[in-house]
Amino acid sequence: MLFSQKVLRWYAMNKRALPWRATKDPYKIWLSEIILQQTRVVQGTPYYLKFIAHFPTVADLANASEEEVLKLWQGLGYYSRARNLHATAKMVTGEYNGTFPNTYAELKKLKGIGDYTASAIASICYNAPHPVVDGNVYRVLARYFGITLPINGTQGSAYFKQLAHQVMDESRIRDYNQAIMEFGAIQCAPKSPNCPICPLNDGCMALQKDLVEGLPVKLKKSKPKTRYFNYVIPLAKDVEGFPYTVIEKRREKGIWKHLWQFPLIESDSEIDLGILKKKIPEQLHFIDATEIYLYNEKPLVHKLTHQHLHTKFWIAECEEVHGHTVRIGALEPYAMPVLLADFIKTFKI
DNA sequence: AAATCGGGGTA
DNA sequence: TACCCAGATTT
């Protein structure tokens, strides 16, 4: 039996009932695909349900503020997805008369829609013959056909793309694309796949050559860089006696763009109170503290894929503070990185 | 071509 | 720890 037919047969028996599987509405398919980029189904599903509940149509999403979109996205990571999601919703609503384009080429022009996502939407919504190539597909193809080219090199990327095109079932592309991804996620798992029970094991080159654990081959990535963050939390009391602080929006490029944070001093290494007191007038001139103390004895290490953030939280008690002031009890509506959302949860004055 | 962009789950 | 996740974009 053909590879594609084996995959489709496996899918018919094993597919999960996922919230976006019941529809061909391009808005919902698009939303699910953006959420699921580099994100596991179990992590993304609650966000998908939240977004559909808040924004039933693309026009609802377009009419929301970016603040609102980022807040709903909080905790999911890769926040450019949320900013691009909002921009594309506005584009579709404003320039496409509220209707998503129905071709791969037109879809790919939209922000946040690359090769994979354009193929996914075109095939799932319109049954257009574009094979998806995601992390699951790389793994399944590399193993079944015994391909040792690195999947993230230029050569390998092109090779897998043409191979995917070669082995797809064009007549059933809508199901086939979801089938091969589901097969990769459930059966042909990254680690310790249960090959003895796999219905594709008879034709699997990796299994024959004992290469299952070694495939796919991936070029090694760079090591994470260490950064030293000093968050200074100003603390003052307003006229009614409520404690308030100051936050700011991250405008520069880099992580967490357009998310909110406390005033930040980044240093080249870990610093103590003495150094901090010298830096505050230089970098955070709006803070005039009567007392400053360290909130966490050991730096909290927040690990991202490419950065390790050694973070100290300093409390700066002030008579008054200027800037974007917010009561401590009213920080919830602001979209913040998990690092800061976690801090706020534990923070007791 | 390589780096960057999060956070969480798994072995 | 190391690796991966329904990748896209920038450098």
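Values below: all heavy atoms of this structure, side chains included; hydrogens, waters and symmetry mates excluded.
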At under 4.0 Å between heavy atoms, what does [X] touch on the DNA or RNA strands: base, sugar-phosphate, or nothing?
X: A:D115; answer: sugar-phosphate
X: A:W73; answer: nothing
X: A:L18; answer: base

Problem - Listed once per pair and sorted, the salt bridge (Lys or Arg N to Asp or Glu O under 4.0 Å) pairs that draw on residues 190-212 of chain A, sequence neighbours left out - result: A:K6-A:D202
Problem - Flag side-chain contact, heavy atom, 4.5 Å: A:V232 against A:F262 - result: no
When you measure from the side chain of [X], which nucleotide among [options] comes out closest?
X: A:K225; options: B:dT4, B:dG7, C:dA6; answer: B:dT4
X: A:K191; options: B:dT10, B:dG7, C:dG7; answer: B:dT10
X: A:Y78; options: C:dA6, C:dG7, B:dG7; answer: C:dG7
X: A:A185; options: C:dG7, C:dA6, B:dA11; answer: C:dA6
X: A:Q307; options: B:dG7, B:dC5, C:dA6; answer: B:dC5
X: A:E33; options: C:dC5, B:dG7, C:dA6; answer: C:dA6
X: A:T117; options: C:dA6, B:dG6, C:dG7; answer: C:dG7
X: A:S222; options: B:dT4, B:dG6, C:dA8; answer: B:dT4
X: A:Q38; options: B:dA11, B:dG6, B:dA2; answer: B:dG6

Practice task
Only counting residues at least two apart or in another chain, list the ones meeting side-chain hydrogen bond (donor to acceptor under 3.5 Å, both in side chains) with A:Y11.
Solution key: A:R21
Handout entry: Separation of atom NZ in A:K218 from atom C1' in C:dG7, rounded to whole Å
Key = 10 Å
Handout entry: Distance, rounded to the nearest Å, where A:I186 contributes CD1 and C:dA6 contributes C1'
Key = 12 Å
Exercise for the section: For A:R16 and for A:K253, find the nucleotide of DNA chain C with the closest heavy atom, then tell me which residue's nucleotide is more 5'. Expected result: A:R16
Handout entry: Most 5' of A:R21 and A:N84 on DNA chain C, judged by nearest nucleotide
Key = A:R21
Exercise for the section: Please determine, by modelled atom types, if A:E68 and A:W73 share a side-chain donor-acceptor pair under 3.5 angstrom. Expected result: no
Practice task
Would you check if there is a donor-acceptor pair between the side chains of A:R81 and A:N84 at a distance under 3.5 Å?
Solution key: no
Exercise for the section: Under 4.0 Å from any atom of DNA chain C, heavy atoms only: list the residues of residues 39-55 of chain A that qualify, in numerical order. Expected result: A:T39, A:R40, A:V41
Handout entry: Any A:Y79 side-chain nitrogen or oxygen under 4.0 Å from OP1 or OP2 of B:dG7
Key = yes
Practice task
Please state whether the base of C:dG7 and the side chain of A:Y116 form at least one donor-acceptor pair under 3.5 Å?
Solution key: no
Practice task
Please confirm whether any donor atom in the side chain of A:T305 sits under 3.5 Å from an acceptor in the base of B:dG6, or the reverse.
Solution key: yes
Handout entry: Worked check of salt bridge (Lys or Arg N to Asp or Glu O under 4.0 Å) between A:K257 and A:E252
Key = CA-CA 7 Å; A:K257 188 177 172 186; A:E252 70 275 25; over 6 Å; no
Problem - A:K161/A:D115 salt bridge by N-O under 4.0 Å criterion - result: yes
